[in-house]
Amino acid sequence: MPGNRHPRRGTRHIENAEVARILREVGDLLELGKANVFRVRAYRNAARTVEELPAAVESYFDGEKSLTDVPGIGTDLAGKIDEIARTGTLRLIRDLRRRTPKGAVDLMHVRGIGPRRARLLSTRLGVRSVKGLARAARQQRIRQLRGFGRKTEESILREVAAQASEEQRMSRAEAAQYGEALLAYMREAPAVNRAELAGSFRRCRETVGDLDVLVTTSDAPATIAHFAACPDASAVLQRGRTRATIRLHSGLRVDLRVIPDRSFGAALHYFTGSKAHNIAIRRMGRDRGLKLNEYGVFRGAQWISGRDERDMFKAVGLPWIPPELRENGGEIEAAAAGVLPRLITLEAIRGDLQCHTVDSDGRDTLADMAEAAEAAGYEYLAITDHSPAVRVTRGLDAAGFRKQWRRIDALNARLRRLHVLRGVEVDIHADGSLDLNDSILSGFDLVLASVHSAFSLSRAAQTQRILRAIAHRSVDILAHPTARQIGRRAPIDLDLDVVLREAVQAGVWLEVNGQPERLDLDDAACRLAGSLGAVFVVGSDAHSTAELRFMRWGVDQARRGWVDTARVANAWPLARLLRSRRRAR
Ligand code: DGT
Ligand code: CA
Ligand code: CA
Ligand code: ZN
């Protein structure tokens, strides 16, 4: 990890995600205050940039490197970020909040409500929260406002209901920042021996409801006090002798349990869940005359084991089952039969097969991306810039790609350990045709095809569209196959079963995209594809060198989908990968 992670004196540690959250709130508040759009956008872009920094923000204030060297961050923003890092907040945000109608920021996060409507709802109807908004809609008060009709009111009610369920959950990538920081913080406490994250986070679910932290300690009261005093906590919701719950400024709740040393494995198993998995394992124990709980394995009143998580499985005659599989979805039967998959790991990944450069919508150059991939230990990297149809991203045309190939050749002559592949992410038109013609497509080492438009075609039309793309002989990989963006865009309506079967039949590999908001295919689709005999590719879809690390999230999602290392093309050596491509067969 480059850079110095030690905060300078006078700077408390703050997560990049927290800094980003504050910058985003400034953007929202400015927009509500009718500020200049460029100023609003500058804060939102800065939030994204901060999230992607390769090191903690405070490491940018100790001389060696400077935040102002980061594209998009000028001296003004750098000053603001410095203030956040020093004080945990911003004077500006306090001023803005004072001038903004209460609750308006929350209202703006309801789909269909922009700053103008949020202001009106807050000032005219006195709506102060999303709950209040739902109440006002049910009482049919919203339709009485000018510019709001009955239809708007109904759609607001639907959105609030839909968001109520998903908004409570945080994406895995964001939760990871808070969770890992909290673990480090808990491990600093003198009495703490072990600290681990359990729950849905350990099972690698794509979102988490809350975080579950387990610790063993020689001094439970001191450890609980340390937890409650966490600088990231906005409230202590519960506090007992062996457990406590806090809420972080981001809204994320964290449960802490203090565990006796000899029960650590039992508690880790219990609090990792899922509940359905736990119940099934406990039942197996009961059949053997054993009691299994969060303290251990018992025969009658006698404690037998539970120090190590393996003890829990051993007690019921099973090998250890990876947390990602623990959903009582067949993992217990597979373990009993000795046919658990050898799940793909980050270490097994030899290269990345999707990334973008400044030649389309990436933020770093071809050479930068290649050098970063080499530094990450990869053997190969496919550069897969967009084709022209993806207009917002300024894709490359045939001539542009030919020029890029010459630069790739020159790069390959220079690089020692990494081989750069000539790739492309070619757009699939609404009718299923591709955005580049065969004469250029045949010149690539690897062709990814994907959907970036016409998301709302009928199921039949959408399925035909993808089938037609798959039938195209130059397509090697179907990238982010459902085009969903978590919390923003539903998956396209597809007969996934038919599409996956056809892809497998044609020898088209299926991507598991590691962008935190994509994670596409998702876990269930991976499992289905795997059962049909699919070959997978895990890609970061990096748009900067920092985003090459998104491989991690793709691997996690693939693991949840039971993906075996042997079935992942980019875990193969380059020669095998090239030989096995659809076009080579
Ligand atoms: P989440 O937080 O909604 O993303 O999902 P989890 O799985 O982290 O659920 P959470 O935080 O409520 O509880 C953590 C784990 O504790 C859960 O996966 C299994 C275990 N657990 C919680 N309540 C029960 C229960 O009533 N019975 C059993 N057997 N296990 C439970
Ligand atoms: Ca949880
Ligand atoms: Ca919990
Ligand atoms: Zn894409």
Side-chain angles (χ1 to χ4, degrees), residues 341-355 370 373-374 376-384 405 408-409 412 415 417-426 428 434 436 438 440-450 466-467 469-481 499-514 520-521 525-542 548 551 554-555 557-559 561-585:
R342 279 165 309 249
L343 296 180
I344 181 67
T345 60
L346 201 51
E347 295 69 40
I349 297 290
R350 292 170 182 257
D352 199 333
L353 298 184
Q354 180 169 187
C355 76
E374 191 174 63
Y378 284 150
E379 294 169 26
Y380 46 84
L381 174 72
I383 302 290
T384 58
W405 293 350
I408 288 175
D409 293 345
N412 277 329
L415 291 169
R417 297 187 305 275
L418 183 88
H419 186 79
V420 181
L421 296 167
R422 301 167 167 189
V424 58
E425 182 180 11
V426 64
I428 302 173
L434 300 180
L436 292 168
D438 286 334
I440 181 84
L441 286 176
S442 60
F444 288 99
D445 294 320
L446 206 62
V447 172
L448 281 62
S450 60
I466 306 301
L467 291 180
I470 287 172
H472 208 289
R473 289 194 36 93
S474 53
V475 171
D476 300 296
I477 297 170
L478 187 60
H480 51 74
V499 165
L500 296 177
R501 271 173 211 283
E502 219 32 65
V504 171
Q505 198 64 39
V508 169
W509 299 340
L510 296 162
E511 186 188 55
V512 185
N513 187 293
D520 180 12
L521 299 173
C526 283
R527 183 114 187 250
L528 175 61
S531 73
L532 298 172
V535 172
F536 297 92
V537 163
V538 187
S540 70
D541 195 359
L548 286 167
M551 182 64 75
V555 166
Q557 185 76 319
R559 288 173 63 86
W562 291 57
V563 172
D564 195 292
T565 306
R567 308 301 298 168
V568 177
N570 56 321
W572 300 341
L574 179 61
R576 175 167 175 210
L577 179 138
L578 293 174
R579 190 166 74 229
S580 314
R581 283 168 310 167
R582 185 221 203 145
R583 66 187 50 218
R585 306 195 317 170

If you define the side chain from C-beta out and look only at heavy atoms, does anything of [X] sit under 4.5 Å from [Y]?
X	Y	value
Leu441	Val475	no
Leu421	Leu574	yes
Asp409	Arg422	yes
Leu353	Asp476	no
Cys355	Ile383	yes
Thr384	Leu446	no
Ile477	Gln354	no
Leu521	Leu528	no

Rounded to the nearest 0.5 Å, what's the gap from [atom1] on [X] to [atom2] on [Y]? Could you check?
X	Y	atom1	atom2	result
Asp541	Leu548	CG	CG	10.5 Å
Leu578	His419	CG	NE2	7.0 Å
Glu374	Leu415	CD	CG	5.0 Å
Asn570	Tyr378	CG	OH	8.0 Å
Arg342	Trp562	CZ	CH2	13.5 Å
Leu436	Ser442	CG	OG	11.0 Å

Using salt bridge (charged side-chain N to carboxylate O under 4.0 Å, His left out), reason through Asp445 and Arg583 one step at a time and then give a plain yes or no.
CA-CA 9 Å; Asp445 294 320; Arg583 66 187 50 218; over 6 Å; no

Please assess Ile349 against Ile344 for the test side-chain contact (heavy atoms from CB on, under 4.5 Å), listing each intermediate value before the final yes or no.
CA-CA 8 Å; Ile349 297 290; Ile344 181 67; 3.9 Å; yes

Non-hydrogen atoms of [X] and [Y] that approach each other most closely:
X	Y	answer
Leu478	Val499	CD2-CG1, 4.1 Å
Tyr380	Leu577	OH-CD1, 3.7 Å
Leu434	Ser474	CD1-OG, 4.4 Å
Gly554	Val538	C-CG1, 3.5 Å
Ala525	Leu500	O-CD1, 4.0 Å
Ala370	Val420	CB-CG2, 4.0 Å

My understanding is that only residues two or more places apart in sequence, or in another chain, count here; which of them pass side-chain hydrogen bond (donor to acceptor under 3.5 Å, both in side chains) with Asp564?
none

Where the side chain of Trp509 meets the backbone of Ala479, is there a donor-acceptor pair that is under 3.5 Å apart?
no

Just jot down the salt bridge (Lys or Arg N to Asp or Glu O under 4.0 Å) partners of Asp438, sequence neighbours excluded, or say none.
none

If you look only at pairs with a residue in residues 501-512, which of them pass as a salt bridge (Lys or Arg N to Asp or Glu O under 4.0 Å), with sequence neighbours excluded?
Asp497-Arg501

